Amino acid sequence: MITIKLPDGSEKQFEHSVTALEVAQSISSGLARNAIACSVNGEMKDMNAVIDSDASFVLYTFKDEEGKEVFRHSASHLLAQAVKRLYPEAKLAIGPAVKNGFYYDIDFGCDITPDDLVKIEQEMSAIVKADFPIVRSVLSRKEAAELFEKKGESYKVEIINDMDENIETVSLYTQGEFVDMCRGPHIASTGKIKSFKLTSIAGAYWRGDTKNKMLTRIYGTAFEKKSELDDYLQKLEEAKRRDHRKLGRELDLFDIMDEGPGFPFFFPKGMVLRNLLEDFWRKEHIAAGYQEIRTPMILNQQLWHRSGHWDHYKDNMYVVKIDDEDYAIKPMNCPGGMLVYKRKQHSYRDLPQRMGELGLVHRHELSGALHGLMRVRCFTQDDAHIFMTPEQIESEIEGVVRLIDKVYKIFGFSYKLELSTRPEDSMGTDEQWEMATNALKKALDTLGKDYEINEGDGAFYGPKIDFHLEDSLGRTWQCGTIQLDFQMPERFDLTYVGADGEKHRPVMIHRVVFGSIERFIAILTEHFAGAFPTWLTPVQIKVLPISGNFQQYAEEVTEKLLNAGLRVELDDRNEKIGYRIREAQLQKTPYMLVLGEKEQQTQLVAVRHRKDGDIGTMSAEEFIARINKEVEEKSL
């Protein structure tokens, strides 16, 4: 008798060995139809896997993340089979599932363009129609290597040869004439993958190493239902429309030049936006008891050895020689913050000390990873370092969470929290890590915050809380973070004099709110589709005289608005008023003041809003009061 334990605690009993599909059918025929894969004693399996002993059992459908991953990984095999039919000489590398889709890296030996994706999709559809069973088999490493060498699949052979020597067998999956090496699991047949789309082409170095050959990476996505695919593709189109790189150029805010890959340029309007964000940051931090500091961009090698960055982060650092000594351009602000604290002796009465820094940092990112302002090689971190006694840990973490919560709500963001625990490559004792992790948990529990545990993804010096923002398209972005650190104070021999007159070691928090000013601007640009709230937009008002007859009145109105501290531009070009209104709307200007004979005679302004259209006439003073109210309330 075999006992199968289900997630709800109930049990199913079978007289002999049973397949995962048969277990699913014993629960519900509908569930069996929708089942994509399962977990047997915590190990992912195909639905035709045989269970021959007592086991815990979990079923996954497309509603589950595990189910989506298996479904989309099977779609990557579907892509690979179609490619091999159309391009027999192509060599396959790897094809995993990723968030919202899948990709396959392929050495085509020829140029592939987006136009080629159409015929690949057509071949994929033919394979779906054929409804090939997807069948698992196992070969010895030697047999598998010989099989793929015979097929000319050199990348697969390399993967097999590089496997751990203790691995003796390799699993394969066959569908029709196509066979691929894969751990699995996979769906039952190709016929189940009806709704898919190939979305883009990119280059990718084999194994991520720039010394290796550049392969062609084909991205795609797959869904169980066509309606879900259509909805996703519509969101993709909307995301393209909102792409911050495109809007940054169109709105003349920022750009990345060929002369500096990964090094952003900010133009005058972009600097207005950036300075508004930084001024807002400063006011909020002063109110929360922070003091602002500034530390050097280049510091010597000894400092980075002391901080641990030289050992754990050197590959991402830019190193320079000065007076025959190694220096590094800072990838992080924290070591400089240590030196600021260490400059004098502190008493427990001085703590906590909250020191904030808008610090420019540089990190060596691979060129293939760069993406507009989202992934750059230099950016400004809105860092802060809080030095405190152990007794102050929980209250300080709570204070940071409240501050970040307040800031995100002003921009209209909701967010999810993630608590990341100790990674393999870490510094410190088990006791320190346990104390730090428990302190973060306790603070979140006290605040009543829901959070997920992200095992093993903490910083090398301590656990962290990450804030994942959700934008207007439902996408998430990791921005704010709170990291508790027992290691840096130890490495830099930081102390304070306690109430007992003895020296003690402070505990430290690293934290950011925006994360990176540049990346936050990119997120805001896409979130608002370039139509920033009035308080944040570089140009709040366009003054538009209908003709040259009203030039003087337009100049008087413009001067009045400028004197009130508003950001206004006068557009008195010799163009039709309709053209200038459309152009102001394309520039996402919140307000347009259209001035003609009636307005000049009554000394009023006709107000037009970028979203609501004409909203009537009013005095300049009334209009100024309206704008000031929006700015003061930071209305969205």
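Worth saying up front: this structure is predicted, and the values here are computed from it rather than measured.
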Those residues that, when tested against [X], pass ring-ring contact (aromatic ring centres under 6.0 Å, His included) (two or more places apart):
X: F280; answer: F411, W535
X: Y341; answer: H346, F387
X: H309; answer: W304, F460
X: Y318; answer: H364

Quick one: does any side-chain atom of [X] pair with a main-chain N or O of [Y] as donor and acceptor, under 3.5 Å?
X: H285; Y: W281; answer: yes
X: Q587; Y: E250; answer: yes
X: D350; Y: S347; answer: yes
X: R519; Y: Q478; answer: yes
X: Q483; Y: A459; answer: no
X: E518; Y: T380; answer: yes
X: T495; Y: R505; answer: no
X: Y408; Y: V513; answer: yes
X: T221; Y: N100; answer: yes
X: Q540; Y: R567; answer: yes

Could you give the distance from [atom1] ([X]) to [atom2] ([Y]), rounded to the nearest 0.5 Å?
X: T481; Y: E418; atom1: OG1; atom2: CD; value: 10.0 Å
X: T525; Y: M374; atom1: OG1; atom2: CE; value: 8.0 Å
X: I286; Y: E284; atom1: CD1; atom2: CD; value: 10.0 Å
X: R626; Y: K629; atom1: CZ; atom2: NZ; value: 9.5 Å
X: I256; Y: R249; atom1: CD1; atom2: CZ; value: 9.5 Å
X: L440; Y: L417; atom1: CG; atom2: CG; value: 11.0 Å

Please report the closest heavy-atom contact between [X] and [Y], naming both atoms and the distance.
X: L59; Y: C38; value: CD2-CB, 4.1 Å
X: H244; Y: F254; value: O-CE1, 3.3 Å
X: I393; Y: M388; value: CA-SD, 4.0 Å
X: W433; Y: P463; value: CZ3-N, 3.3 Å
X: D485; Y: P489; value: O-CD, 3.8 Å
X: F532; Y: R610; value: O-NH2, 2.5 Å

Is the number of heavy atoms from other residues, nucleotides or ligands within 6.0 Å of [atom1] ([X]) greater than 12?
X: K416; atom1: NZ; value: no
X: K5; atom1: NZ; value: no
X: K406; atom1: NZ; value: no
X: Q487; atom1: CD; value: yes
X: E434; atom1: CD; value: no
X: R349; atom1: CZ; value: no
X: E632; atom1: CD; value: no
X: D450; atom1: CG; value: no

A side-chain contact here means heavy atoms from C-beta on lying under 4.5 Å apart; do [X] and [Y] qualify?
X: N34; Y: F62; result: no
X: Y451; Y: D445; result: yes
X: R511; Y: D382; result: yes
X: M297; Y: H362; result: yes
X: L524; Y: L536; result: yes
X: C378; Y: F263; result: yes
X: H609; Y: Y591; result: yes
X: R245; Y: H371; result: yes

Salt-bridge criterion met for [X] and [Y] (N-O under 4.0 Å):
X: R241; Y: E238; value: yes
X: K330; Y: E357; value: yes
X: K283; Y: D279; value: no

Going by salt bridge (Lys or Arg N to Asp or Glu O under 4.0 Å), name the pairs with one or both residues in [range], residues two or more places apart or in two chains.
range: residues 289-301; value: R282-E292
range: residues 383-399; value: R354-E396, E394-K442, E398-R402
range: residues 468-482; value: D471-R475, R475-E526

Is R72 close enough and on-axis enough to F102, meaning under 6.0 Å and within 45°, for cation-pi?
-> no
Which residues pass the side-chain contact (heavy atoms from CB on, under 4.5 Å) test with [X], sequence neighbours left out?
X: D500; answer: E502, H504
X: D8; answer: L6, S10
X: L339; answer: L303, R306, F492

Determine the interplanar angle of the H305 and W310 rings, folded into 0 to 90°, and report it as parallel if under 30°, tilted if 30 to 60°, perpendicular if over 60°.
-> tilted
Results of side-chain hydrogen bond (donor to acceptor under 3.5 Å, both in side chains) for S472 - residues two or more places apart only | R242
Which residues satisfy the side-chain hydrogen bond (donor to acceptor under 3.5 Å, both in side chains) test with R183, sequence neighbours excluded?
-> none
